[in-house]
Amino acid sequence: MHIVLDGVLRRPDDALAIEEDAPVTATILDDAGRPRAVETVEPGELAAFVAQRERERPRWVWSTAADWYPVLLASGVRIERSHDLRLVAAILDREWDGADPVAEHRAQLERIDRAPERRRLELLVAAESAGALIAVELRHAGLPWSAEEHDRLLTELLGPRPATGRPAALERLHREIEAALDGASVNPDSPQDLLRALRAAGLRVDSTRACALKSIDHPVIPPLLEYRALARLAAAHGWAWLEAWVRDGRFHPEFVPAGVVTGRWASVGGGALQLPHQVRSAVRADPGWVLVVADAAQLEPRILAAMAGDAAMLAAGADGDLYAGLVAAGIAADRRQAKVAMLGALYGATTGDSGRLMPRLAKAYPRAIGLVEAAARDGERGRRVRTWLGRASPPAGAAGSPQQARARGRFTRNFVVQGTAAEWALCWLGGIRGRLTAAFPGRWPSAVPHLAFFLHDEVLVHTPEAHAERVAAILVDAADDAGRLLFGSPPGTFPISIGVARDYAAAKP
DNA sequence: CACGGGTGCGCG
DNA sequence: AAAGCGCGCACCCGTG
């Protein structure tokens, strides 16, 4: 059964919600997709209506989870399944203005039904919709955050929080920088001014980026690099960040499913996907609880091997560390070199270490390398490429210069792998959610293990300590499920590494 | 004063 | 000059 919700429903944080909300229309469809009944629901009754109907395990069809689900969660109502019209419209390349969800839903199902790779597209639609639910649930649950630990860490690195102006450490480093430049005054926050000052001191530099400065031997460089790192910490994840984004011991970022063209998630507010390792010790489980952190090992190369059905490359990853497998196979001298070579193949490197290793990779793994080379050629010719489950790259603009064509090729080369890895991660997430819900009935999220963070190929579950072992097993099982769903691959094709600790930094060394 | 491009750097 | 992929955010600084 499907139930299509239509109406103007605003987010719970919108102060005008009550006055402006119009009644909601719920259209109940039978298994053939034909409308069987229409009900009108007052916004105030929506959560109760959904909770009641959820017992029949319908698939809820709505504009997008971000429109509807926050208010349901705020009322304590979770749902199992949805069809996210806005996200699916994007996958199907359909323009949709939000009008008539019933008609749009019917049109989407027809389109999916006629697709040549119907089973894959159905999986993508289900995984994308499940991801949309999870994104809202992640925001609702929040990432457990110790303001006390964060403040301790900032004070240790920057000095006590200043009432006004810059922290003491930055003032001291600024003075050291100017002293090293023979007293010349300089604004280290201004690349222009900094470049001028460095040149005036006789340094031949054309950029003030850290990687360019590191190779220079001059007394101004160490305090300058330290200033940069600390100034960034203060600006991006300092006390102001803490006040803006952490409430009641939780960081509640907004996740945006498919916010990236490849299908990866993006985030809005607080830089959730850029949390520096520096502050991760502030991510701290509640008393009696722990964090179970898991990440998929060498996900993108493994995805490429599975997509290409490259038996040699799959074998290189069979012992748990694909880069070590490349070394054992004689492709690279050491693990670091193996990693650089592999990433170069995925990104389209032509120069440097990784560029030089490409011929050896191509010889050892012709099917895998052939797949990304073909994607690159398609992109260079202005063609669109598709992920394993069928998400298409955006159309190319008008034909440009050869340089632009090559850039397009690097994009499409990476698109097929990054996009398919995102699909695997969605299936993993969906599997984790389903298994956690089945294994731990109870008040969500405060009483049961729950997803608390997601970072492309990494998840964090906040759980009572007693359940950590079961949660870890669920994360492994769900990774195996994801591999089977996408590729029919055996367990262990996508190994994950797991850490359990009170804080994020300790759980993920 | 707001806006937006450029720069730099955090993450995968 | 261009440069291995995808992002978000803070800051500077020129423009209107």
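None of the values given here were measured: they were computed from a predicted structure. Here is the naming used below: chain letters follow the sequence lines, and residue numbers restart at 1 for every chain.
- Pair assignment for C:dC11 gives B:dG6, based on Watson-Crick or G-U wobble hydrogen-bonding distances that are each under 3.5 Å.
- Heavy-atom neighbours of A:Asp319 CG from other residues, nucleotides or ligands within 6.0 Å: at or below the threshold of 12.
- The CD atom of A:Glu373 sits 14 Å away from the P atom of C:dG4 (whole-angstrom rounding).
- To the nearest angstrom, P of C:dC7 lies 16 Å from CZ of A:Phe454.
- Between A:Glu300 and A:Arg264 there is a salt bridge, since a side-chain N of the basic residue sits under 4.0 Å from a carboxylate O of the acidic one.
- Using a 4.0 Å cut-off between charged side-chain N and carboxylate O, A:Asp378 and A:Arg383 make a salt bridge.
- Atom CD of A:Gln403 is separated from atom C1' of C:dA2 by 9 Å (rounded to the nearest Å).
- With hydrogens and angles ignored, a donor-acceptor pair closer than 3.5 Å exists between the side chain of A:Ser354 and the base of C:dG4.
- A:Leu455 comes within 4.0 angstrom of sugar-phosphate atoms only, judged by non-hydrogen atoms across all strands, and of no base.
- In this structure, A:Asp93 pairs ionically with A:Arg384, as a charged nitrogen and a carboxylate oxygen lie closer than 4.0 Å.
- Within 4.0 Å of A:Gln192, counting heavy atoms only, lie sugar-phosphate atoms of the nucleic acid but no base atom.
- A residue-by-residue look at A:Asp193 and A:Ala407 shows that A:Ala407 has its nearest nucleotide of DNA chain C further toward the 5' end.
- Residue A:Arg280 is classed as a sugar-phosphate contact, given heavy-atom separations below 4.0 Å to backbone atoms only.
- Nucleic acid contact class of A:Arg413 (heavy atoms, under 4.0 Å, all strands): none.
- Counting non-hydrogen atoms under 4.0 angstrom, A:Val417 reaches nothing in the nucleic acid.
- Between A:Met358 and A:Glu373 the shortest side-chain heavy-atom distance falls below 4.5 Å.
- Distance, A:His456 NE2 to C:dG6 C1': 8 Å, rounded to whole Å.
- Across all strands shown, A:Arg410 has heavy atoms under 4.0 Å from sugar-phosphate atoms exclusively, and none from any base.
- Between the CG atom of A:Leu273 and the P atom of C:dG8 there is a distance of 9 Å, rounded to whole Å.
- Atom CG in A:Leu233 sits roughly 13 Å away from atom P in C:dA10 (whole-Å rounding).
- Scanning DNA chain B 5' to 3' for nucleotides with an atom closer than 4.0 angstrom to a non-hydrogen atom of chain A gives a first and last hit of B:dT7 to B:dG12.
- Nucleotides B:dG5 and C:dG4, compared at atom C1', are 24 Å apart to the nearest Å.
- Summary of the strand contacts: A:Gly269 and A:Val340 both lie near DNA chain C, and taking for each the nucleotide with the nearest heavy atom, the more 5' one is attributed to A:Val340.
- Using a 4.0 Å cut-off between charged nitrogen and carboxylate oxygen, A:Glu176 and A:Arg172 count as a salt-bridge pair.
- Using a cutoff of 4.0 Å between basic side-chain nitrogens and carboxylate oxygens, A:Glu243 and A:Arg161 are scored as salt-bridged.
- Here A:Ala210 lies in heavy-atom contact (under 4.0 Å) with sugar-phosphate atoms only.
- Contacts of A:His237 with the nucleic acid, taken as non-hydrogen atoms under 4.0 Å apart, are absent.
- Rounded to whole angstrom, the span from the CG atom of A:Leu230 across to the P atom of C:dC11 amounts to 15 Å.
- Closest to the side chain of A:Asp189, out of C:dG8, C:dC12, C:dG6, is C:dC12.
- Proximity of A:Ser267 to the phosphate of C:dC7: no side-chain N or O atom is located under 4.0 Å from OP1 or OP2.
- Using a 4.0 Å heavy-atom criterion, one finds that A:Val256 contacts no nucleic acid atom at all.
- In this structure, the CD atom of A:Glu458 is 20 Å from the P atom of C:dC7, given to the nearest Å.
- For the pair A:Arg302 (side chain) and A:Gly317 (backbone), a donor-acceptor distance under 3.5 Å is present.
- Rounded to a whole angstrom, the distance from the P atom of C:dA1 to that of B:dG6 is 15 Å.
- Look at A:Thr262 and you won't find any side-chain N or O under 4.0 angstrom from OP1 or OP2 of C:dC7.
- Contact check on A:Lys508 versus A:Glu458 returns a salt bridge, with a Lys/Arg side-chain nitrogen under 4.0 Å from an Asp/Glu carboxylate oxygen.
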